[in-house]
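The structure appears right after this line, and notes come after that.
By convention in this document, chain letters (A, B, ...) are assigned in the order of the sequence lines, proteins followed by strands, and residues within each chain are numbered from 1.
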Amino acid sequence: MRQVYLDYNATTPVLPEVLEALLRYYREDFGNPSSVHRYGRRARVAIDDTRDCVADMLGAPASAIFFGSGGTEANNTILQGVAAALQGRGRHLVTSQIEHPAVLDTCACLAQQGYTVTYVPVDAHGVVDPEAVREALTDETILVSVMYANNETGVLQPIADIARVVRQRGILMHTDAVQAFGKMPLQVDELGVDFLSFSGHKLYAPKGIGGWYARPGAPLHALLHGGHQERGMRAGTEHVAGIVALGQACALAMRDMRQEWERQQQLQQCLEHGIQEQIPEVRIQGVEISRLPNTTNVAFAGVEGEALMMSLDLQGVALSTGSACSSGSLEPSHVLRAMGVPAPYLHGALRCSLGRGTTLADIEYVLEILPGIVQQARTLSPSFAP
Amino acid sequence: MQYSDIIQEHFEHPRNVGTIEPADAEALVSNPACGDVMHLYLRIENNRITDAKFKTMGCPAAIAAGSVTTELLIGRDVEEALTLSRAEVNTALGGLSPQKVHTSVLAEDAVRAALKKYR
């Protein structure tokens, strides 16, 4: 049976060149960068080189780049770290209704500690309006956090416009760029952000590595205490091999960025046109809006996403549902609800996310089996009258 | 989400999918929290369920619960059918995970609602 992986927004395989780097720093150059002997020095140099590489990619000074375990740690560090650093100035944060749980749950945690959080809505395309952010700002606001690209829909947010509004008021701006990092050019000065989160395993580096950009001088307290690593901002012996692997993945992302963007965009269009032509009553989220070229969130009226996902899995296609029932909650996706997706579609969403390994033959296979699977689920459904 | 082999099998090959027109008893029940909807149709002759059909909009567990419920119902008299519980559905499915137990509740609701209207 053909195997098709369409869940690159969940995670990506490690590329061969990245694995090589990883193995070298596990097996040979395994030193602790805090050691002063040659093993340590070699590891230190490798980290410094990677820091330069990531800094280059973001148009930032190397001193502004910090490595940690991934996107969740980065988001926690920035939200909790700014809140701690500025609690004397104010205790209000602004974010959006469509953030990743790593932001939403951290905000909920801060709310329990006495902070107030405003969640700005999105329009029907899933876009945050900078004016809505402006209206949410108060004299107490210390940080605004809006994601760069939504993980469920791929919809891009107007971060530069939002940052302009936010920084006019002297407030700090963070963007969780985990899904966009490595897929498109991101320049922190053009965006006007003070903080930016990134993760390795969304761009063909291993799980367990990631980090953040913090504008030099921006107030931030560390989350982890211990050693002096990462200039005291992230204690704990560095995951040297992971950091080097991330650097290698960034280099490859930069090298192939334009080509992969265009290639995946063509596949995305092929997938979306095929679905719209062959299957009635479908709704592609954010279809008229700037999106990542790898993400298609498509909902089918009258059926349930997990059942579709499982039928696809039985035929070799791996992807995610756009609804959260499978992750233990009965509620449909908070992102689709925030967008006001109509009820018949709300439970029937699938997320197809493409990547470097996706081929036209993969998309054609999906288009071959998906109409039948949706048809079968609709035959079973009392909510769908054909 | 891990499912038992029985759930997997019922999901892949659901039994008694469809409608009975006209049915001797039927009910359309839903769980607004997760969006699951189940429509149950029964044919009852001489106080005994001789046929059962269902349609479900829901996750694999909800589909399997509908399927196994029709199997459990066929051949029972109305009083026996009224004793069908969520626990029995759960056991027949080889065990539902805690976040999927609500699918057996929906099946029990459908049976009770259909037979309540019948009696």
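Contact annotation for B:Pro14: only side-chain heavy atoms (C-beta onward) come within less than 4.5 Å of a heavy atom of chain A. Of the two parts of A:Ser311, the backbone and the side chain both hold a non-hydrogen atom closer than 4.5 Å to a non-hydrogen atom of chain B. For B:Val37, the parts lying near chain A are the backbone and the side chain together; criterion is any non-hydrogen pair under 4.5 Å.
With respect to chain A, the highest number of heavy-atom pairs below 4.5 Å among B:Val17, B:Thr56, B:Thr19 belongs to B:Thr56. The residue among B:Gly58, B:Gly18, B:Ser30 with the most heavy atom pairs within less than 4.5 Å of chain A is B:Gly58. When each of A:Gly302, A:Ala343, A:Ala377 is scored by its heavy-atom pairs under 4.5 Å with chain B, the top score falls to A:Gly302.
Taken from OG in A:Ser381 to CE in B:Met38, the straight-line distance is 13.0 Å, to the nearest 0.5 Å. Taking CZ of A:Arg378 as the start and NZ of B:Lys55 as the end, the distance is 12.5 Å to the nearest 0.5 Å. In this structure, B:Tyr3 OH and A:Glu306 CD are separated by 3.5 Å, a value rounded to the nearest 0.5 Å.
Applying the ring-ring contact (aromatic ring centres under 6.0 Å, His included) test to A:Tyr8 and every residue at least two apart in sequence or in another chain returns A:Tyr5.
No side-chain heavy atom of A:Leu380 sits under 4.5 Å from any side-chain heavy atom of B:Met57.
Heavy-atom neighbours of A:Gln376 CD from other residues, nucleotides or ligands within 6.0 Å: at or below the threshold of 12.
With hydrogens and angles disregarded, no donor-acceptor distance shorter than 3.5 Å links the side chain of A:His347 to the backbone of B:Asp36.
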Please evaluate residues A:Leu314 and B:Gln8 with respect to the criterion side chain to side chain contact (heavy atoms under 4.5 Å, CB included), reporting the C-alpha separation (whole Å), side-chain torsions for both, the decisive distance (0.1 Å), and the verdict. CA-CA 10 Å; A:Leu314 289 167; B:Gln8 184 90 22; 3.3 Å; yes
